[in-house]
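Reviewing the structure listed below.
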Amino acid sequence: MRSLPPRRRWIPRTLLVAALGAVLGACVSVKVPPLPQGDLPAHWRNATPGLGQAPDLTGWWKHFDDPELDALVEHALHDNLDVAQAAWKLRAARALEAASDTTYKPHLGFQTIEQPNPQNTASYFQAGFDATWEFGLFGRSDANARIAAANSGAAAAELQSARVSLVAEVVREYLQLRAEQRSEALLGDAARAAQRKVELLRVQERLQLASTLEVEQGVAAAAKAAAQLADPRAAIAQHAQALAVLLGKSEPDPAWLVAKPLPRLTADKVTSVPADLLRTRPEIRYAETQVLQAAGELGIAKADLYPRLALGSSLTFAALVKGRTRLGDVNNTFAIGPIINIPLFDWGQRHAVRDARENQLQATLAAYRQAVLQGAAEVESDLAALHASGEKVQQANVAATASHHALDLSEKLRGLGQADALNLADARLASTDSELDREQARLAHGLAFVALYKALGGAPLPAADRGDDPSTKAQAPDASPAPSGKQSPAGLDEGSREPERSPRPLSPPEKGSKSTPSP
């Protein structure tokens, strides 16, 4: 068999060393622990049964059946500055993730050195190329990929959290704006009715049918009713301004200040929520990324216990420059060989870091469980609040209907001469109060609905992942396509597509692959 030339014999040896290092690296690589399971209930205790199985987390605000509200949500997702910041941070994290796998690839650099002698009569000039290739053995490469993927996944979770909060705040401010406009109108009716009652009492006082005490009590009630108008007027301005900020504007749209009725939520559209939908919460997805990052940091700490191996080479040109322009002989050298960094003794610092990273990994697993439990508790509380507010709406409807019937009866009796104007004024005030109570109950029910879907992590998906459904597109800055083949550790692909959120272990990425694990 013909032997290889001496200059080529190092090639198979280098490949053999690299293969051996890869095997050793796989032996010490840290596996990402499986996520804790069993903390979520099988069914919600406070959910209303028999009304459905799958709430629409990507368009839940459309249950209010208000086109203006739908348009405001779309505009907010496009123009809100908090969402824009989170989107740019996600792009930055993805850019770093895309470049993370180049850390352990060959690097080439060029540099020059110019060093004069102490007498300043000559200068030593050197230029050359340096190349290094660190192998990333003992799990270092995989750990580095996990950390980059965790950072990208955390940024994606923060972006989705900003979306969830934004949609909830827009809906909440809009409902409160319309409710305050309705309250202003009703309080205006109440103030006019109270003033009318004062006029009637003054007439009866002149006829000695009413006492001065009754007149003064009526004046006080009318003044109180008029003073109450200041609260909804101030609240209207506040909610309109808050809505403008959410949409990235400096001042509210004049159309918002035109009074419109409060959107009504149909109670039977609130469906029973399966427990696994809680996995859409950004807080839980963020906790998943922290587990992945802690596993990556533990992998780096364990890799630091072993030697760092690399392959280096250099091509150098050097010359001695004398005087101003005289260039001496140019010499060149070429070198190639292994770069070995072996830790020997550091008073146990590296072992302490490894132990700390192991404890940190266990802490992130506990934090993940806490995020799951806290999310489940929040949803249960919001379901109970929604159920209670629905019952209040029903009772408020009964009371308002009865008050309206009483007002109609008073008007009929007044027409028949069987009731005086004061009785009619009192009936009108009672009817207005009941209508105010009903509007407040409807507002509380709508806000409870908003709180529930915020707890569930409800928000629209980015346009990049919903191109087949124009109704659910959101023109956010993160809608641009990301590096192909990547998947964030929070279970979303690079366009933040909503995945199946069943509990499953975090899986490590394959070495050399650009894809990242999905916990």
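Only a predicted model underlies this, so the values are computations on that prediction, with no experimental measurement involved.
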Worksheet item: Does the Asn151 side chain pair with the main chain of Ile147, one donor and one acceptor, at a distance under 3.5 Å?
Response: yes
>> Is there a side chain to side chain donor-acceptor pair (under 3.5 Å) between Glu391 and His387? Walk through the geometry before answering.
In response: CA-CA 6 Å; Glu391 292 181 346; His387 180 68; 3.1 Å; yes
On a heavy-atom basis, the closest approach of Arg146 and Lys31 is NH2-CA, 4.4 Å
One should read off an interatomic distance between Gln160 CD and Tyr286 OH, to the nearest 0.5 angstrom, of 15.5 Å
- Does any non-hydrogen side-chain atom of Arg182 lie less than 4.5 Å from one of Leu262? no
Could you check whether any side-chain N or O of Asn144 sits under 3.5 Å from a backbone N or O of Ser100, counting only pairs where one atom can act as donor and the other as acceptor? yes
So CG of Asp304 and CZ of Arg357: to nearest 0.5 Å the spacing works out to 9.5 Å
Under 3.5 Å, side chain of Ser161 to main-chain N/O of Ala157, donor-acceptor pair present?
no
Worksheet item: Heavy atoms, side chains only, cut-off 4.5 Å: are Arg308 and Glu134 in contact?
Response: yes
*Using 4.0 Å as the upper bound for N to carboxylate O, is an ion pair formed by Arg94 and Glu97?*
no
Within the structure provided, determine whether Leu309 and Pro338 are in side-chain contact (heavy-atom separation under 4.5 Å). no
Taken in chain and number order and not counting sequence neighbours, the residues that satisfy ring-ring contact (aromatic ring centres under 6.0 Å, His included) with Trp133 are Phe135
One should read off an interatomic distance between Ser313 OG and Asp130 CG, to the nearest 0.5 angstrom, of 8.0 Å
Worksheet item: Is a side-chain donor or acceptor of Asn80 paired with a backbone partner of Val83 at a separation under 3.5 angstrom?
Response: yes
Notebook entry, point to check: Quick one: does Asp66's side chain have a donor or acceptor within less than 3.5 Å of a partner on Lys62's backbone?
Noted result: no
Smallest heavy-atom separation, Leu90 atom then Ala156 atom, equals CD1-N, 3.5 Å
Sorted by chain and residue number, the side chain to side chain donor-acceptor pair (under 3.5 Å) partners of Arg442 (sequence neighbours excluded) come out as Glu439
Does the pair Val171 and Phe64 meet the rule for a side chain to side chain contact (heavy atoms under 4.5 Å, CB included), with working shown? CA-CA 10 Å; Val171 178; Phe64 290 99; 3.9 Å; yes
Check: Any donor and acceptor pair, going by atom type alone, linking the side chain of Ser165 with main-chain N or O of Ala162 inside 3.5 Å?
Finding: no
key: Heavy-atom side-chain contact between Val450 and Trp60 under 4.5 Å   = yes
- Note, Arg281 side chain near Leu456 side chain (heavy atom, < 4.5 Å): no
Between the OG atom in Ser314 and the CD atom in Gln111, the distance rounded to the nearest 0.5 Å is 9.5 Å
Hey, does the side chain of Arg354 reach the backbone of Leu298 with a donor-acceptor pair shorter than 3.5 angstrom? no
Q.
Quick one, Glu283 and Gln374 - any side-chain contact, counting heavy atoms below 4.5 Å?
A. no
Q. Under a 4.5 Å cut-off applied to non-hydrogen side-chain atoms, are Glu169 and Lys454 in contact?
A. yes
Before giving the answer on side chain to side chain contact (heavy atoms under 4.5 Å, CB included), spell out for Leu177 and Glu173 the whole-Å C-alpha distance, their side-chain angles and the decisive distance to 0.1 Å.
-> CA-CA 6 Å; Leu177 173 64; Glu173 294 295 338; over 6 Å; no
Are any of the side-chain nitrogens in Arg233 or Glu180 under 4.0 Å away from the carboxylate oxygens of its partner?
no
_Using side-chain heavy atoms (C-beta onward) and a distance below 4.5 Å, is Leu436 in contact with Ser183?_
yes
| said: Checking Leu243 against His239 for the side chain to side chain contact (heavy atoms under 4.5 Å, CB included) test, could you report, in this order, the C-alpha distance in whole Å, the side-chain angles of both residues, the deciding distance, and whether it holds? | reply: CA-CA 6 Å; Leu243 198 58; His239 293 305; over 6 Å; no
Q.
For the backbone of Ala179 and the side chain of Glu184, can you confirm whether one donor and one acceptor N or O come within less than 3.5 Å of each other?
A. no
Look at the side chain of His107 and the backbone N and O of Thr102, then say whether any donor-acceptor pair between them is shorter than 3.5 Å. yes
**OP:** Please lay out, stage by stage, how Arg140 and Tyr306 fare under the test side chain to side chain contact (heavy atoms under 4.5 Å, CB included).
**Re:** CA-CA 10 Å; Arg140 187 181 298 274; Tyr306 298 91; over 6 Å; no
- prompt: Should Glu158 and Lys89 count as an ion pair when the cut-off is N to O under 4.0 Å?
  reply: no
Heavy-atom closest pair (Ile284 atom, Ala371 atom, distance to 0.1 Å) is CG1-O, 3.9 Å
d(Leu447 CG, Leu443 CG) to nearest 0.5 Å is 4.5 Å
Contacts satisfying salt bridge (charged side-chain N to carboxylate O under 4.0 Å, His left out) that involve residues 337-349 (not counting sequence neighbours) are Asp346-Arg350
Output for pair (Gln85 CD, Leu159 CG), nearest 0.5 Å, gives 11.5 Å
Of all heavy-atom pairs linking Ala76 and Leu166, the shortest is O-CD2, 3.4 Å
Closest heavy-atom pair, Leu187 versus Pro232, reported as atoms and distance to 0.1 Å, is CD1-CG, 3.7 Å
Heavy-atom nearest pair, Val291 first then Pro33, reads CG1-CG, 4.4 Å
message: I'd like to know if the side chain of Gln181 and the backbone of Lys260 have a donor-acceptor N/O pair within less than 3.5 Å.
response: yes
